[in-house]
Amino acid sequence: MNPVTQRRWRQFKANRRGYWSLWIFSVLFGLSLCAEFIANDRPILMKHAGEYWFPILGDYTELELGGELPILAQYKDPYIIDLIEQSGGWMLMPPIPYRFDTQDLYIESSSPEPPSARHWLGTDDRAKDTLARVIYGFRLSVLFGLTLTLLSSLIGVTVGALQGYFGGVVDLVGQRFVEIWAGLPILLMLIILASVVDPNVYWLLGILTLFSWMPLVGLVRAEFLRARNFEFVRAARALGVSDLFIIWRHVLPNATVAALTFLPFILSGAVTMLTALDFLGFGLPADSPSLGELLAQGKNNLQAPWLGLSGFVTLGTMLTLLIFIGEAVRDAFDPRRTVALGSE
């Protein structure tokens, strides 16, 4: 790493709250990426008829396991368990033997069922394991937020760069468009669009991208307006260097430093927006592992407080960690703090 990057990293580590939040968030996100090996209704490894099988990686039918029907095997079905045990086999199940969409058909009480040794955080009103839905919902929210942050950042940086570098009519027309677009009632527009089309991950990602790129425009535009008159930019123009190369090679790195400090906050906003739409019923499909849908179930089932508490604690922890990380990133890229650190 160059000296500037080293100073920024030391400054980031100096913010202990943000540094440890990054580690905690990375561990939680890493575990959620392995959700299939933590919460699944399929065995990780199975021995049957003297052979080793990996149901977590592929589909097997009852017929392949010695049954009578060519349908997918349900490994919690007593019939399938008996087939495997009769062959002298065994199954290695994940710590949580339920997926986010697995209905416990052998539940002993009415759903929602309170927390127990069978379901550590209880079940929802459709007899689905709450902890499994939290793990998969955490992963979906973070991946959705990261993708939305990347797409909206690309659009926002591009628009701000073009406005700030060329100025004049381009900047004037661009600013008027951004002001009009920013004045639209975003949540209302999202609800209308989500009710017109059949919502899925890709549709929702595209709709949210249309309204999530504006926060970076003003920041990047200001950086380009400042940097366009620097001596090295003028020298590059005098040498006949193309505008696209000047933007990419000379001006954009300066604007990127300022834009990076906003990314954790944009990510937390994307997660919040997705949760709000799911809570209102205009988000992901009903069978998706959604934290907003879990919060809605908690509102509709006040007699089952574990539902609302599970969603609230998960969402609150996620957003708190992202805010702390964002504050540490902002401190790391603050020129005043960096200079102060280097002078010590």
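All heavy atoms count here, side chains included; hydrogens, waters and symmetry mates do not.
Between F211 and W181, the ring planes lie parallel to each other; the angle is under 30°, not in the 30° to 60° tilted range. Ring geometry, W9 versus Y19: the interplanar angle exceeds 60°, so the pair is classed perpendicular (tilted spans 30 to 60°). Aromatic ring orientation, H250 versus F245: perpendicular (interplanar angle above 60°, classes split at 30° and 60°).
Salt-bridge check for D104 with R118: passed, with a basic side-chain N closer than 4.0 Å to an acidic carboxylate O. Look at R126 and E293 and you find a salt bridge, because one of the NZ, NE, NH1 or NH2 atoms lies within 4.0 Å of a carboxylate O, short of that distance. For K128 and E113, the salt-bridge test fails: no basic side-chain N is under 4.0 Å from an acidic carboxylate O.
When side chains are defined from C-beta on, P115 counts as touching W306, because their heavy atoms get closer than 4.5 Å. Between F166 and D243, some side-chain heavy-atom pair lies under the 4.5 Å cut-off. R17 is not listed as a side-chain neighbour of I325, based on a closest heavy-atom distance of 4.5 Å or more. Between P94 and I38, every side-chain heavy-atom pair lies at or beyond the 4.5 Å cut-off. Counting heavy atoms from C-beta outward, L208 and F144 have side chains that approach closer than 4.5 Å.
A donor-acceptor pair under 3.5 Å is absent between the side-chain atoms of E327 and the main chain of G18, judged by distance alone. For Y98 (side chain) and H119 (main-chain N/O), no donor-acceptor pair under 3.5 Å exists by modelled atom type. Q175 places no side-chain N or O within 3.5 Å of a backbone atom of L172 that could act as its donor or acceptor partner. Of the possible polar contacts, one joining the N300 side chain to the A296 backbone as a donor-acceptor pair under 3.5 Å is found. A donor-acceptor pair under 3.5 Å links the side-chain atoms of D124 to the main chain of A127, judged by distance alone. Looking at H48, its side chain never comes within 3.5 Å of a backbone N or O of W53 through a donor-acceptor pair. For the pair R133 (side chain) and S288 (backbone), a donor-acceptor distance under 3.5 Å is present.
Under the side-chain contact (heavy atoms from CB on, under 4.5 Å) test applied with I24, the options L22, V27, L28 reduce to a single match, L28.
Interatomic distance, F177 CZ to M214 CE, rounded to the nearest 0.5 Å: 9.0 Å. Put simply, CG on L284 and CG on L274 are 5.0 Å apart, with the number rounded to the nearest 0.5 Å. Atom CD1 in I96 sits 11.5 Å away from atom OG1 in T102 (nearest 0.5 Å). Atoms CG and CD, on D129 and Q103 in that order, are 12.5 Å from each other to the nearest 0.5 Å. Of the inter-residue distances, the one linking L315 atom CG with L295 atom CG reads 6.5 Å to the nearest 0.5 angstrom. One finds the CG atom of L143 at 9.5 Å from the CZ atom of F138 (value rounded to the nearest 0.5 Å).
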Please output the side-chain donor-acceptor pairs of residues 68-77 that fall under 3.5 Å, not counting sequence neighbours, one pair per line with the distance.
unit_1 : atom_1 : unit_2 : atom_2 : d
D77    : OD1    : Y79    : N      : 3.0

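The same ILVMFWY cluster, assembled from side-chain heavy atoms under 4.5 Å apart, contains both L216 and M273. Residues L291 and I135 do not share a hydrophobic cluster, clusters being chains of Ile/Leu/Val/Met/Phe/Trp/Tyr side chains in contact below 4.5 Å. Following chains of ILVMFWY side-chain contacts shorter than 4.5 Å, one can reach I44 starting from W90, so the two form part of one hydrophobic cluster. Hydrophobic clustering (side-chain heavy atoms under 4.5 Å, transitive across Ile, Leu, Val, Met, Phe, Trp, Tyr) keeps I84 apart from L63. Linking ILVMFWY residues whenever their side-chain heavy atoms come closer than 4.5 Å, directly or via other members, places V329 and F29 in the same cluster.
The hydrophobic cluster containing F265, built from Ile/Leu/Val/Met/Phe/Trp/Tyr side-chain heavy atoms closer than 4.5 Å, also comprises I323.
Ring centroids of W20 and F324 are separated by 6.0 Å or more, keeping the two rings apart.
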Should T130 and W120 be marked as a side chain to side chain contact (heavy atoms under 4.5 Å, CB included) after you check the CA-CA gap, both sets of side-chain angles, and the distance that decides it?
CA-CA 8 Å; T130 304; W120 299 346; over 6 Å; no
Evaluate the side-chain hydrogen bond (donor to acceptor under 3.5 Å, both in side chains) criterion for residues Q11 and N15: first the C-alpha distance (whole Å), next the side-chain angles of each, then the deciding distance (0.1 Å), finally the verdict.
CA-CA 7 Å; Q11 185 61 44; N15 189 320; over 6 Å; no
When you look at S32 and V142, which way does the side chain to side chain contact (heavy atoms under 4.5 Å, CB included) test go after all the steps?
CA-CA 10 Å; S32 70; V142 175; over 6 Å; no
Given I80 and E62, is the side chain to side chain contact (heavy atoms under 4.5 Å, CB included) satisfied, shown in steps?
CA-CA 7 Å; I80 299 298; E62 288 188 9; 3.5 Å; yes
Audit row: F12, D331, side chain to side chain contact (heavy atoms under 4.5 Å, CB included) steps and yes/no:
CA-CA 7 Å; F12 180 85; D331 292 345; over 6 Å; no
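When all heavy atoms of E179 and R176 are compared, the closest pair comes out as OE2-NH2, 2.8 Å. Annotation for L267 and T149: closest pair CA-OG1, 3.3 Å, computed over non-hydrogen atoms. Of all the heavy atoms in S152 and S212, the pair that sits closest is CB-O, 3.2 Å. Residue P112 comes nearest to Q303 through the heavy atom pair CD-NE2, 4.2 Å, listed as atom of the first residue, atom of the second, then distance. The two atoms that bring P97 and P95 nearest to each other are CD-O, 3.6 Å, heavy atoms only. The two residues R228 and V233 come nearest to each other via the heavy atoms O-CG1, 3.5 Å.
A donor and an acceptor atom, one from each side chain of Q163 and D171, are located under 3.5 Å apart.
In this structure, F262 places its CZ atom where only 12 or fewer heavy-atom neighbours from other residues, nucleotides or ligands lie under 6.0 Å away. Atom CZ of R237 has more than 12 neighbouring heavy atoms from other residues, nucleotides or ligands inside a 6.0 Å radius. Taking a 6.0 Å sphere around CH2 of W248, one finds it holds 12 or fewer heavy atoms contributed by other residues, nucleotides or ligands.
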